[in-house]
Amino acid sequence: MKNPLGNFQRLSFLILSMLFAIGAFAQNKITGIVTDITGEPVIGASVVVRGTTNGSITDLNGNFSILNAPQNATLVVSYIGYETQTIVTNGRHELNVSLAEDKKTLEEVVVVGYGVQKKSDVTGALTRIGQTELNAMPVKDALQAMQGKTAGVDITTNQRPGETGGISIRGVRSLNADQGPLYVVDGMIIQNGGIENLNPQDIESIDVLKDASATAIYGSRGANGVILVTTKHGRNGKAVISYSGSVTVENMYDVTHMMNTGEWIAYARQAKMNQISKTGQNLYGSDTPSYNADKAIWGSIGASWANIEAGWSADHSIWNGDDASTYDWTKYGKQTGVSTEHTLSVAGGTDKIQAYGSFGFLRQESTQPGQLYKRYTAKVSVDATPQNWFKMGANINVAFGDQQYGYNFAKSVTGSGDYYSALKSMLPWTVPYDDNGLYIRNPAAGDVNIINPINELQYTENNRQQLTLNGSFYAELNIGEMWKPLTGLRFRTQFGPEFRYYRDGIAYAADGINGDGNNTASYNTNQTRSWTWDNLVYYDRTIAQNHKINLTLLQSSSDYHYELGDMKAIGTATTDEKWFNLFSAGKLNSFGTGLTEKQLESYMARLNYSYKDKYLLTASVRRDGASQLAEGHKWANFPSLALGWRIDQENFMKGITWIDGLKLRLGYGVTGNAAISPYGTKGAITTLYYNYGNTDSSIGYVASDPSQSSPAKMANSNLGWERTSQYNFGLDYSFLKNRITGSFDIYSTRTNDLLMDMSIPSLTGYTSTYANVGKTKGWGVDFQLNTINIMTKDFHWMTNITYSMDRSEISELANGVTEDLNNGWFVGRQIGIVGYDYVYDGIWKTSEAAEAAKYNRKPGQIKVKDLDGDGKIDATHDRCIRGYLRPKWSGGMTNTFTYKDFELSFFMYARWGFMVRTGALTLDGRYAQRKIDYWVANTNENAEYYAPGSNGEASDTYSSSMNYHDGSFIKMRNISFGYNVPKRYLDKLGIGALKLYVQALNPFMIYHRIKYLDTDLSSYDNNTVTSGSGVSTRSWAFGLNLSF
Amino acid sequence: MKNNIYLLAFMAASTLGLATSCSSDFLDEKLTTQYSTDHFKTQSGLDELSIGTYQKLKFQFNYTWGIKAFNWGVDEFTDANNSGPDYNNYGETLNSTNTEVNSPIWDNYFSGIESANTMIANIPQYYDKSAANYNTRLGEGYFFRGFYYYRLVQQYGGVPLKLQPSAGVETSFTRASEDACFAQIISDLEQAYNLLPTKQDGTGKVTKWAAAHFLAAVHLARASELYSSWNKDYVSSDLEAVVKYGKEVVTACPICPNYVDLWNYTKANDVNEKVSEVVLAAQFSDDQNTWGRYGNQMHLYYPAVYQDMSGTKRDISGDREFCYARSTNYTMDVFDRVNDSRFWKSFITCYGCNSSSDAPAWDAAAIAAGVCPSGAATNAKRFKGGQVATKYIVNDANDTRYLKYGTAEADVLKDGVLDATHTFVRYFKDEKSSWLDAHGNEGYYGAQKRFVALSKFRDGYRIAIASQFGTRDAIIARSAEDALMVAEAYARQGESHYDDALTYINMLRDRAGYASGEDRAVNVDGGQAYKNNAYCKDKGGGYSADGAIFSSENTYYESNNISATTESTKSAMHLNSVSDVYNSVVDSPIYQALGCTTNAQKMLCFLLDERTRELCGESLRWYDLVRTKTLEARWNAFNDGSVRGVGKFDAAKHYYRPIPQTFLNSITNANGVSLSDDEKQAMQNPGY
């Protein structure tokens, strides 16, 4: 999309020149070569005899030839991006022309909503990520590539192959409605998820629209920012074949360290000793370590007990924990993950047709067995210009993902989310097999809740497949080319169909933990079909040289259709048939189908005006109607206005040579959010069945059933748009001959009519409803700085820094409520609290027994602050906000060193000042435990953790108060070393470009506050994603980029 | 050029046409897959609302609240392999922020009330008054509202009385007094009593007798000690009402001839679920497609752990041992286990072997020591599939037969000979009788997973070992309880009415005695349903073709140490006079433990004991002890949660549950703003 006009011209002339060349035989023939200042040939430059249509286009080597030229011809040599040269031949028949770059036209063009703009003309806050940054390290999806590269965009990662992380742009505003940004691929809005299915290698650039003056063009969908993706298209000229490939070797290591046998036994004994009855009996059965007590409690499985017994002396009198042996369960759950990625593409074209095609393959192995992700992507794009007044194009992205999800504990809501964690949660002294090599189901002295997972990979299969198709098709009429008086008027219609098919097949064998006695299989599918159809009118005109006008009008409709079908059978004949023969069970145990549809209709008008390229104005208004809102509330208007002042263009700046560019931007815009589930205004009722003494059920209904996992919400017939208005003040700068460039933005937002999923008293028959209530406000700063610190002939040192911070707070809630504890919302406080809870204040010491008793506590239990000082602890008065989930700031820094053809760069990423929910523990002496500092009477009185067993087998009453920790970290995310093989070697091989690189990904943490977690990652614990992971990975990547 | 202009005009026109044609109904939202609340404004919709409202009868048995809020923290059961610092031990975690048990009870019963409110408001408007079902539907509406309010009052005391359906969000609520709540409940149930028929088509539908049963229960509750601060004017009329309604139910819904008829479950919707004695039961079934999120989950909570004993594996017939509630020594000792068949018809004492391959073998050392039975060969299996693998000996402290042998958990010598089975014994030789301390090898204090487990909810008809979807109906009301309520009402009317009380108690005790010729060694419980269960075919109920955990044997004769007999014990069970109550052999130690000295104290204590004998585990106990204010004494005396050092019962607090914080946080005061901390505290029950 970059310079589309230029491409078009270049190509058409190139083809013309080829035609001329075929029919050429000399009269007065002028030949020559056009090069740029570096001596590289310029392909497709136009060489015309002034005053005639006689001319030529340079070929692939920059050569041209013109027949029938006058002896003293004046040749005009032009090429987009270069200053036009006029040369008088003076009878010469051979010319060498060197074109100089035209600074003005070379300027970067960026993608804005429904069009492109010169970067210098942009009035909104946006950032661009080009191919260089996107391809800087091997990534699985584009989000990963964007992380830390753009100020104001906060991205988190997910470890499981095939899963994507989260993204938010400029913080959060909405309380319940969707927080995700809008994705636009090649001009078409994506309604069907994100961009994770695009091969990053197929992406030309990503532009992020951040402020509302820029995103208001997307009206109701712009509230959370807009990510505009431009995929690669065919180029004029030589067809280029490119290959890029990489191999990544990844290894897992523990961040959380578990107790070994000696440590665990000491801890578990404490837990049992601390459970003392009134008559003085304790659960351990002894006040000191005792062989008999140990054996009575943990001795029932001989093979496991042997590990504990090893800690006892031969006569059973002396315990030495160091002698006890620990079984390494986790060795079965680790592997070296070798991932490979290949993309082959070809791009090229003629004057009338340009095409790009690629296919890519990603095979991502996990660092633990059983998980695997394979993704096949293909892309075709064709652009045709059969007439100068007509353009048409088609672009299709296809992706097929195949994910072996691997093991997770599905039987209840607690349990390990993956195989490695399941192994890690086994007690250190237990063993998987007995002395005869037979599987032991409950190796921890028969504890039925501790089930040996060693064989689970063979008993669990969870395969998720997804086929995604995104298309964009357009036709464009240049009406100005048809009828001169309408010069500058274009009409474009574009259609973006999307299709997604998803299938999740699960088979649990009877012998496994999840099957538990019966073969169980389920087959869940859903598909989404949606489309967007835009009709656009563009009018570009320059009046009296100084007034540039650009008008855009839009009419758009979009439609979304989602349907699903699920089925599950228990008792299938065999899991060898996976989920493909549910019939063998005789009947289904559960099944269901569903349908969701929504539509959106929009109109938009935008005016760009610039005066003398100095004063810029963008004004737009969009009107959106959404089907899921209530009748009479469906439509809303979203206006925006932005002003720009290119100070560097002013005369008074001409003398200041160290300033190359300076632009002030001021924007205001209103955006919306209707991203709530459809049918929220319809009052759908809940189906409940009852059986009056029969197997056959009678169908019944109630308004809502709170015992369901997501009960029906009360209908709100007044549901309308959530509206966010935002002011943005921005400054783009470039100093010292572009050695220092960047931008700075400060913004403030206000969101009204928040769409909230509001808890309501269950006395109404419902527990919640969607409502437009409450307001939030916020402000923030995005800062981007690129510097070239050292620039010599052979050596460059460049630094890129991004920094962003945002603050948002709730300014009003429904019904004048100032604290909504059920939802964790507090007026005047940030959105996204980590918890509203008691404040941990250490552990009661033995010497404080009397004081502790006043609070019904004992030494060894958690002390919490009595916030209101009334001498007792209660839920109403002694809890407070314990911190916020969003970081105070985040930022990234990339340093790149180039010496001749070698390049070294490293990228650091930081998220600072955010809280993570972790650390509350149940110290019952029953399950595996990470190493902690726990309280032991008179021995370790200053411990961090309470005495194990001090609340029986339950966790301490206030254990959740230990849950709030600062997750700040600075991570070295990537160190990369690359070598661009010099052209002089490649030319001989016929290779266009070749880059080889090696990288270390996530090589080390520079700093992290919580020592036992990698807070850059999240972990999945059966239905719940929590911030922070007990394991982390480190990898090496080797890759090459090659093009012909 | 001209063509171009035409083309342009065409394009412009078509664009315009497109833009306008899309607008008219493109944005109409059509919900085609579900009904809206307007459905409740039609007759068929109201019929279906009634069905939906029945569904809330199942709520009580759907999840952990079924055990925690209704039968934990009492004398009959204590926590087991799952510890209960909150509801069993009355610890700090039983507080207003509990969302596992406390707020679901509040939310779900109020949701049932809202459905009932809609029925009561809409039926007169939209239901054909001449329709045969008009009175029945309306009566159901009143029954549900009265019944669900009763459940709320049992937990929380006075709650907001909301009698009209909501048209939109409402947030202004205040609590009504207990007095007002009881008046409303009685009024609703009286309406139901007058409107409902004596019989409806279909098992499980509410009838006049269901309304009468709960009128008796509510009147009895109002006349109980918990409400003594305000109930004085009601007591005598309440007791008369209990007698009236209770007797009607006893007459209309005769008790089964044999106690086991209630529990003889062999398949879904079996005959035992249609017996005359059951006045109302929550209906569960095997129609998997309509199960929704929960089934009857009570089968998960009562089992003792069996699967970790060698020779046994978890199977469908044995249940999935979530193991929440262990029977206490009180529950064992409150029964006359020789004469009262109800004990052996309520509890499991034998587990079958279903895994011969890992059954234990005789070891050479034991053979050498001479403790093995004659003929025991080294490495020969001690038992195999189809035989009993594990048994519980329910004996008393003076039993001298049993001794622990070796280190294995359940190796026991009986009269010097090693038992072939895993054997758990309550009292070994020379151990002292005790309510709370450890004895025998059942574990008790500490390792809480071994105990004589209640069998009333055992469900061998589930579709998988791990399936939580129980298929058995859960009894909410049966006429045996009416007999006990009538008896209690007479007892409360004074000593002159004790003989009348005995008449009704004897109805149950006469049934409880063994009939002449009855085989006392047979065990019957819902585990046997595995035999008819398609999912157990060829699998012995799960893993193994060897056998099933369910055993049709019990330890009656061995536990009681008596020789086989088939003589009737009915006369031994019969109370001939009140002195049989005052001097009852099994109840006297309980009178002593609780300090009951007067006749009235003994009578009420006996009645509560008899309720355990008849209704043990049937989700009534917590509230029975609460309304009679005997919970504190009985919890301290019989529930080991009281001695574990975690939590203690506070009489100023624990007779009521905390008002859920979610409710307090979501309502507004008279000024339309959310409650201040002080206002919340004022609305909260004392102590929370």
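These values consider heavy atoms only, across backbone and side chains, with no hydrogens, waters or symmetry-generated copies. Quick caveat, the model's predicted, so the values are computed rather than measured. Chain identifiers are assigned alphabetically (A, B, ...) following the order of the sequence lines, protein sequences preceding nucleic acid strands; residue numbering begins at 1 within each chain.
- With a 4.5 angstrom heavy-atom cutoff, T33(B) touches chain A only via side-chain atoms.
- Heavy atoms closer than 4.5 Å to chain B are found in the backbone of D696(A), but not in its side chain.
- If you measure heavy-atom distances from Y688(B) to chain A, you find no contacts under 4.5 Å at all.
- The residue among T767(A), I699(A), D874(A), T769(A) with the most heavy atom pairs within less than 4.5 Å of chain B is I699(A).
- Only the side chain of T97(B) comes within less than 4.5 Å of a heavy atom of chain A; its backbone N, CA, C and O stay farther away.
- Figure legend: K205(B) and Y692(A) shown as a cation-pi pair, the cationic atom lying under 6.0 angstrom from the six-membered ring centre and within 45 degrees of its axis.
- Residue K568(A) places its NZ atom among 12 or fewer non-hydrogen atoms of other residues, nucleotides or ligands, all under 6.0 Å distant.
- For chain B, the option among L595(A), L438(A), L600(A) with the highest count of heavy-atom pairs below 4.5 Å is L600(A).
- With a 4.5 Å cut-off on non-hydrogen atoms, S115(B) touches chain A through its side chain but not through its backbone.
- Proximity to chain A (any heavy atom under 4.5 Å) is shown, for D79(B), by neither the backbone nor the side chain.
- Heavy atoms of P85(B) lying under 4.5 Å from chain A belong exclusively to its side chain.
- Contact count against chain B (heavy-atom pairs under 4.5 Å) is highest for K587(A) among E597(A), K272(A), K858(A), K587(A).
- Considering only residues two or more places apart in sequence or on other chains, K58(B) meets the side chain to side chain donor-acceptor pair (under 3.5 Å) condition with none of them.
- Contact annotation for Q200(B): neither backbone nor side-chain heavy atoms come within less than 4.5 Å of a heavy atom of chain A.
- Top candidate by heavy-atom pairs under 4.5 Å with chain B, chosen from N589(A), N691(A), N951(A), T596(A), is N589(A).
- With a 4.5 angstrom heavy-atom cutoff, Y35(B) touches chain A via backbone and side-chain atoms both.
- With respect to chain A, the highest number of heavy-atom pairs below 4.5 Å among E48(B), Q288(B), E29(B) belongs to E29(B).
- By the side chain to side chain donor-acceptor pair (under 3.5 Å) test, N478(A) pairs with no residue at all, sequence neighbours left out.
- Interface residue F40(B): only side-chain heavy atoms are found under 4.5 Å from chain A.
- Only the backbone of A281(B) comes within contact range of chain A, with heavy atoms under 4.5 Å apart.
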